[in-house]
Amino acid sequence: MPELPEVETIARGLRASLPGRRILNVRLGKTDFIEDPAAIERDVPGMRLSAIRRHGKFLLLDLQSPAGSTGNSSLLIHLGMTGRLVVCDPNAPVPPHTHVFFTLDDGRELRYTDVRRFGRMRILKTDVLQDRLGSLGLDPLEISETDFISLLKARHAQIKALLLDQHVLRGIGNIYADESLWRARIHPRRLGASLKPEELRRLYRAVRDVLHEAIEARGSSIADYVDSEGNLGGFQRRHRVYQREGKKCFRCGAPIRRAIVAGRSSHFCPRCQRAPRSRPTNR
DNA sequence: CTTACGGCCTGGGTGC
DNA sequence: TGCACCCAGGCCGTAA
């Protein structure tokens, strides 16, 4: 499941080989996950890739028109759960569920594969890009501790929901929310406003450490994730709670539990991460 | 504005 | 062997 570390790994991989390349041709398979497929077929061929960026879980491929004829634009890609963006030889076998092919001017091909098609793709003019991405929260790797704390302590939602909310912080998904809360020893059902300053500082630290370590390990490969060269990540081997239900807590040995919190499957240690006394299921 | 929740996208895996 | 169904995670719409 591509979250911040996986998208960052892909972005770095693409950044190493795509900028400067021209896209010669576009081929589309199924297009129901593309906002305006005709626009991509019409506007992308001939464009030069100028930069690769990550914004939360979004990947941005900046496109420069050759003669400056039309304005610049960006290809906005969200990988959803199972999206893969891989650069390869055009003669390499085409995996099932591959729906977008970009032919590059160096003889390679950029392919988008997505079993579930929960991903999204669209092309946007540079000037409207800001409107589209501006509503997202700060990047958890860029936010200061002070801002992080003031952001969360004013909120009465469950901390798990807040970490998953892309308008609060951008880039954290279910895996890294659970791993961060375990490290910080905070129960996912705690409310943001109930967290003590020390707990908020621990959480800030935990989120950043987990994300940095996951990037270093090139992401978590649970089911479908691979980087831009098709290689698996390694951070799944360092997960402490995610998908470890019933296994022993690495810290205290108690069996890891799984429960639905904020509508999501959540993994935590019932001993290290103390549940709040009254649950907020009032009505 | 904030929060909670249900539904939707799709197909692999599971269990009968 | 076949089939129904559960479920993954992000996101959006709705309601209070």
Side-chain angles (χ1 to χ4, degrees), chain A residues 1-8 10 29-35 37 54-60 76-85 95-100 112-122 124 131-137 139-140 150-181 188-195 210-211 214 219-226 233 235-236 239 241-246 258-268 276 278-283:
Chain A
M1 285 123 256
E3 305 179 24
L4 187 154
E6 290 76 31
V7 181
E8 178 64 25
I10 292 168
K30 289 188 179 177
T31 59
D32 55 1
F33 63 97
I34 302 176
E35 173 73 15
R54 176 187 65 77
H55 195 87
K57 299 175 195 171
F58 286 93
L59 215 42
L60 285 92
L76 189 60
I77 300 171
H78 194 296
L79 299 169
M81 281 176 66
T82 55
R84 297 177 167 197
L85 203 54
H97 310 290
T98 301
H99 299 298
V100 183
Y112 181 75
T113 304
D114 192 347
V115 174
R116 295 283 192 270
R117 302 206 302 286
F118 286 9
R120 290 291 176 262
M121 187 180 297
R122 68 185 306 179
L124 283 177
D131 309 337
R132 187 67 191 170
L133 297 174
S135 68
L136 294 181
D139 192 295
S150 54
L151 200 58
L152 297 179
K153 76 174 183 193
R155 299 293 218 105
H156 286 262
Q158 295 175 334
I159 188 63
K160 173 77 185 258
L162 293 170
L163 289 178
L164 291 178
D165 188 341
Q166 303 299 298
H167 300 286
V168 176
L169 292 167
R170 63 172 118 108
I172 301 172
N174 207 32
I175 296 175
Y176 298 104
D178 283 2
E179 292 296 321
S180 300
L181 289 169
R189 267 199 260 265
R190 295 279 302 281
L191 304 187
S194 80
L195 297 174
V210 165
L211 294 177
S220 301
S221 290
I222 297 296
D224 296 82
Y225 165 73
V226 293
F235 197 69
Q236 66 282 0
H239 289 174
V241 282
Y242 188 77
Q243 289 195 344
R244 292 194 67 249
E245 182 181 15
R258 187 174 73 91
I260 303 300
V261 181
R264 291 291 158 235
S265 178
S266 301
H267 311 75
F268 58 92
S278 64
R279 71 198 118 125
T281 47
N282 52 334
R283 46 160 320 220

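Each chain gets a letter, A, B and so on, in the order the sequences are listed, and its residues count up from 1.
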Once you round it to whole Å, what is the distance between [atom2] of [N] and [atom1] of [X]?
X      : N      : atom1 : atom2 : value
A:H99  : B:dG11 : NE2   : P     : 8 Å
A:R117 : C:dG10 : CZ    : C1'   : 17 Å
A:F33  : B:dG11 : CZ    : P     : 12 Å
A:R189 : B:dA4  : CZ    : P     : 12 Å
A:Q158 : B:dT2  : CD    : C1'   : 14 Å
A:M81  : B:dG11 : CE    : P     : 13 Å
A:R120 : C:dG9  : CZ    : P     : 17 Å
A:I260 : B:dG6  : CD1   : C1'   : 14 Å

Under the criteria of a ring-centre distance below 5.5 Å and an interplanar angle below 30°, is A:F118 stacked with the base of C:dG9? yes
If you define the side chain from C-beta out and look only at heavy atoms, does anything of A:H167 sit under 4.5 Å from A:L136? yes
Minimum side-chain heavy-atom gap A:L133-A:F58 below 4.5 Å: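 In short, these two side chains touch, coming nearer than 4.5 Å.
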Side chain to side chain donor-acceptor pair (under 3.5 Å) partners of A:S220, counting only residues at least two apart: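 With sequence neighbours excluded, A:S220 shows a side chain to side chain donor-acceptor pair (under 3.5 Å) to A:Y176, A:H239, given in chain and number order.
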Side chain to side chain donor-acceptor pair (under 3.5 Å) against A:Q166, all qualifying residues, sequence neighbours excluded: none
From the list C:dG9, B:dG11, B:dT10, which nucleotide is the closest neighbour of the side chain of A:D32? B:dT10
Phosphate OP1/OP2 of B:dA4: any A:H156 side-chain N/O under 4.0 Å: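 Indeed not, no polar side-chain atom of A:H156 lies that close.
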Rounded distance [0.5 Å steps], CZ in A:R117 versus OG1 in A:T31: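 If we round to the nearest 0.5 Å, A:R117:CZ and A:T31:OG1 are 9.0 Å apart.
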Criterion side-chain contact (heavy atoms from CB on, under 4.5 Å) against A:V261, the qualifying member of A:H267, A:K160, A:R190: A:K160
Checking side-chain contact (heavy atoms from CB on, under 4.5 Å) between A:I159 and each of A:L164, A:L152, A:L191, which is the one that passes?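 Only one option passes, and that is A:L152.
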For A:S266 and A:R258, which I'm curious about, is there any donor-acceptor pair between the side chains at under 3.5 Å?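 Looking only at side-chain atoms, A:R258 and A:S266 do not form any donor-acceptor pair under 3.5 Å.
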No-hydrogen, no-angle side-chain donor-acceptor test under 3.5 Å, A:D114 and A:H97: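 Result is no, nothing qualifies.
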A:D178 bridged to A:R264 by N-O distance under 4.0 Å: no
Please give me every residue in residues 171-181 of chain A whose heavy atoms get under 4.0 Å of an atom in DNA chain B, ordered by residue number.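 Close to the strand, none.
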Just jot down the ring pair (Phe, Tyr, Trp, His ring centres under 6.0 Å) partners of A:Y112, sequence neighbours excluded, or say none. A:F33
Between protein and nucleotides 5-7 of chain C, what N or O pairs are separated by less than 3.5 Å?
none

Contact class for A:S265 (heavy atom, under 4.0 Å): base, sugar-phosphate, or nothing? sugar-phosphate
N/O contacts under 3.5 Å, protein versus nucleotides 11-14 of chain C?
residue	atom	partner	partner atom	Å
C:dC11	OP1	A:H78	NE2	2.7
C:dC11	N4	A:R264	NH2	3.2

When you measure from the side chain of A:E3 to the backbone of A:N174, do you find a donor-acceptor pair of N or O atoms at a distance under 3.5 Å?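 Flag set: sc A:E3 to bb A:N174 pair under 3.5 Å.
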